[in-house]
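Here the structure comes first, spelled out in structure tokens, and everything after it is commentary.
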Amino acid sequence: MLGFLKRPVVVTADINLNVVVLTAVGLLSRLWQLAYPRAVVFDEVYYGQYISFYMKRIFFLDGSGPPFGHMLLALGGYLGGFDGNFLWNRIGAEYSSNVPVWSLRLLPALTGALLVPMAYQILLELGFSHCTATGAALLMLIENALITQSRLMLLESVLIFFNLLAVLSYLKFSNSQKQRPFSLSWWFWLTLTGVACSCAVGVKYVGVCTYLLVLAVAGVHAWHLIGDRTLSHVRVLCHLLARAAALLVVPALMYLLFFYVHLILVYRSGPHDQIMSSAFQASLEGGLARITQGQPLEVAYGSQVTLKNVFGKPVPCWLHSHQSTYPMIYENGRGSSHQQQVTCYPFKDVNNWWIVKDPGRHQLVVSNPPRPVRHGDVVQLVHGMTTRFLNTHDVAAPLSPHSQEVSCYVDYNISMPSQNLWRLDIVNRESDTEVWKTILSEVRLVHVNTSAVLKWRMLTVRSDDSEHKYSSSPLDWITLDTSIAYWLHPRTSAQIHLLGNVVIWASASLATLVYALLFLWYLLRRRRSIHDLPEDSWLRWVLAGALCAGGWAVNYLPFFLMEKTLFLYHYLPALTFQILLLPVVLQHISDHLCRPPLLRSLFSGLVVAWYSCACHVFNTLRPLTYGDRSLSPSELKALRWKDSWDILIRKS
């Protein structure tokens, strides 16, 4: 029984030294002097405030993206012992001693470093040579913009990591499908694909683009699987159910889990409360729950209430009035009632309070015992500060001429009597006799005289339409005709810029064009039954294009439809897929278009020279990537990408 103890336990493992070396140099490029500069760099001022909220357990909701990425950054702060006490109000501000800068920047740096070996692994899984895979990893290693973005407390490198992890996992799953379907490794890679996709969406909403790409490729493969007559009907059904569970159900559950964990972590009231419903605000510690503690659960005649518009656009707001009156004549020549203004106000204010009055009684206080207000009751609303009644009449509203003006009635002793009776309609009632509940009830106020329903609209909304000086358009990204000054040293000329390696960017765009032209050429010739490529090479070429060229397209083209402010770093997820495609095109040209030995040798020499140029540009732009040394004015001018391109040509 214990015979195995008589022999040594031997464990064998295959270690790919290429992966080890690429991982090591990737870590070195991203982790070197990671805590420098010890100052707030560009969008760190944006993400840092959310990390502080997590550390203090203060509720927030970032409208620009899901919470998973913020939680990952906050994890670094938690592991570093950050207490959240830092004022994130200025780019360039020096970090105080309690801020663990290295720890906060660690996760983006690690994910950025792992892009290097992942690029190598993806091309291997696609069936390309070790030389081609190493070339892709080298490009990922020396791309200056990727290095800069991954060395800061930002989310682009995390997003790209999960994008590539989803692609790599699916390729490993697909290759396992050919050998050992339903094995442990098969299930692992399939499930990891779904997990990585959900994490990508959880970091930023644009992660859904890569998710849809993976789903499309998986859908095509599943369609071919259905047509495989060697598989039984039960076997095919099991394959489809497994894919649906891993690629649809798991991502959906994980996406919900991100928000569940987020709400568990941030349970205290904060500045973002007002965008949520009153019921949710009441569940937070120290906020509305503190105010409503001990208050009646039902609205009675004489109650003082605030009414919040649950469908407020562009922001939630409260029914509000003040002493000011509508102008006699508007700028467009229309007249008004000159009554007291009623509007929707997005901030908590004393002028938001109203008293619910019984039209048949004069008292404005709650009786003993209280008389609850029920669905269908006719009420009057009295403005608490001015004691005037909420009113409407047949006068055009200031912003919506086809609607009636809402006001607080001022008696000018003219032939315009008040019309201040409103019928209460509880929208989410369970019965027609339901009582108006505080916080929980959603109500409509229907004007008795005209049957009009009260709607709210703000007169003006302040918005900043000024364009950010570093904003750019998607067309600027292709030509790299833009950059971002991330950080400037306050005393020296050292600085950090988001600036791409022009050789890599230009070559990647050219490779995408070459791939598209070659693909169309081969497709047309195959239509004429002319097969230039062996079938396995053709399938490999198509899959590489679907994932790499397709990955670039789905992560780039949607930005043309977006109206938000865009920056150069938005292009980085698309760029990584282009970088993967570039060595693929180079190997294809070498293997299939440069078949004579002399021509192939010449092409290989050109590729080596091209890689040398990319390395030279990386080294030229290195001072702006790491910001670790001062630069003279002439050096700064020369480091502009167009000038560096000229320098490269002269030195070559």
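When reading the values below, keep in mind they use all heavy atoms of this one structure, side chains included, and skip hydrogens, waters and symmetry mates.
The residues Glu156 and Lys204 are annotated as salt-bridged, a charged nitrogen and a carboxylate oxygen being separated by less than 4.0 angstrom.
At a threshold of 4.5 Å between non-hydrogen side-chain atoms, the residues Ile147 and Phe618 count as touching. Between Trp487 and Pro37 the shortest side-chain heavy-atom distance falls below 4.5 Å. With a 4.5 Å cut-off on side-chain heavy atoms, Pro474 and Leu566 count as touching. Between Gln149 and Ser157 the shortest side-chain heavy-atom distance does not fall below 4.5 Å. For the pair Val206 and Met562, the minimum side-chain heavy-atom distance is below 4.5 Å. At a threshold of 4.5 Å between non-hydrogen side-chain atoms, the residues Glu125 and Val167 do not count as touching. A 4.5 Å side-chain heavy-atom check between Tyr486 and Leu152 finds at least one atom pair inside the cut-off. The shortest side-chain heavy-atom distance between Tyr611 and Pro583 falls under the 4.5 Å cut-off.
The aromatic ring centres of His262 and Tyr54 sit less than 6.0 Å apart. The distance between the ring centers of Phe82 and Phe86 does not fall below 6.0 angstrom.
Using a 30° and 60° split on the angle between ring planes, Phe567 and Tyr569 fall in the parallel class, below 30°. Using the six-membered ring where Trp is involved, His130 and Tyr120 have ring planes that are tilted, between 30° and 60° apart.
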| Check against side chain to side chain donor-acceptor pair (under 3.5 Å), Trp477 and Ser472 | CA-CA 8 Å; Trp477 306 339; Ser472 55; 2.8 Å; yes
| field | Residue pair Tyr515, Gln578: steps toward the side chain to side chain donor-acceptor pair (under 3.5 Å) verdict | value | CA-CA 11 Å; Tyr515 177 88; Gln578 270 194 321; over 6 Å; no
| task | Report the C-alpha separation of Lys56 and Asp83 in whole Å, then their side-chain angles, then the decisive distance to 0.1 Å, and conclude whether the salt bridge (charged side-chain N to carboxylate O under 4.0 Å, His left out) test is met. | result | CA-CA 7 Å; Lys56 298 179 179 180; Asp83 56 9; over 6 Å; no
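Each of Leu146, Val25, Leu114 was compared with Arg30 under the side-chain contact (heavy atoms from CB on, under 4.5 Å) criterion, and only Leu146 meets it. Of the candidates Val203, Ile51, Val266, Val261, Met71 forms a side-chain contact (heavy atoms from CB on, under 4.5 Å) with just one, namely Val261.
Rounding to the nearest 0.5 Å places CG of Asn144 at 10.5 Å from CH2 of Trp505. Atom CZ in Phe68 sits 10.5 Å away from atom CG in Leu73 (nearest 0.5 Å). Thr576 contributes atom OG1, which lies 7.0 Å from atom CG of Asn555 (distance to the nearest 0.5 angstrom).
In this structure, Arg38 fails the cation-pi test against Tyr36, since its NZ or CZ atom is not both closer than 6.0 Å to the six-membered ring centre and inside 45 degrees of the ring normal.
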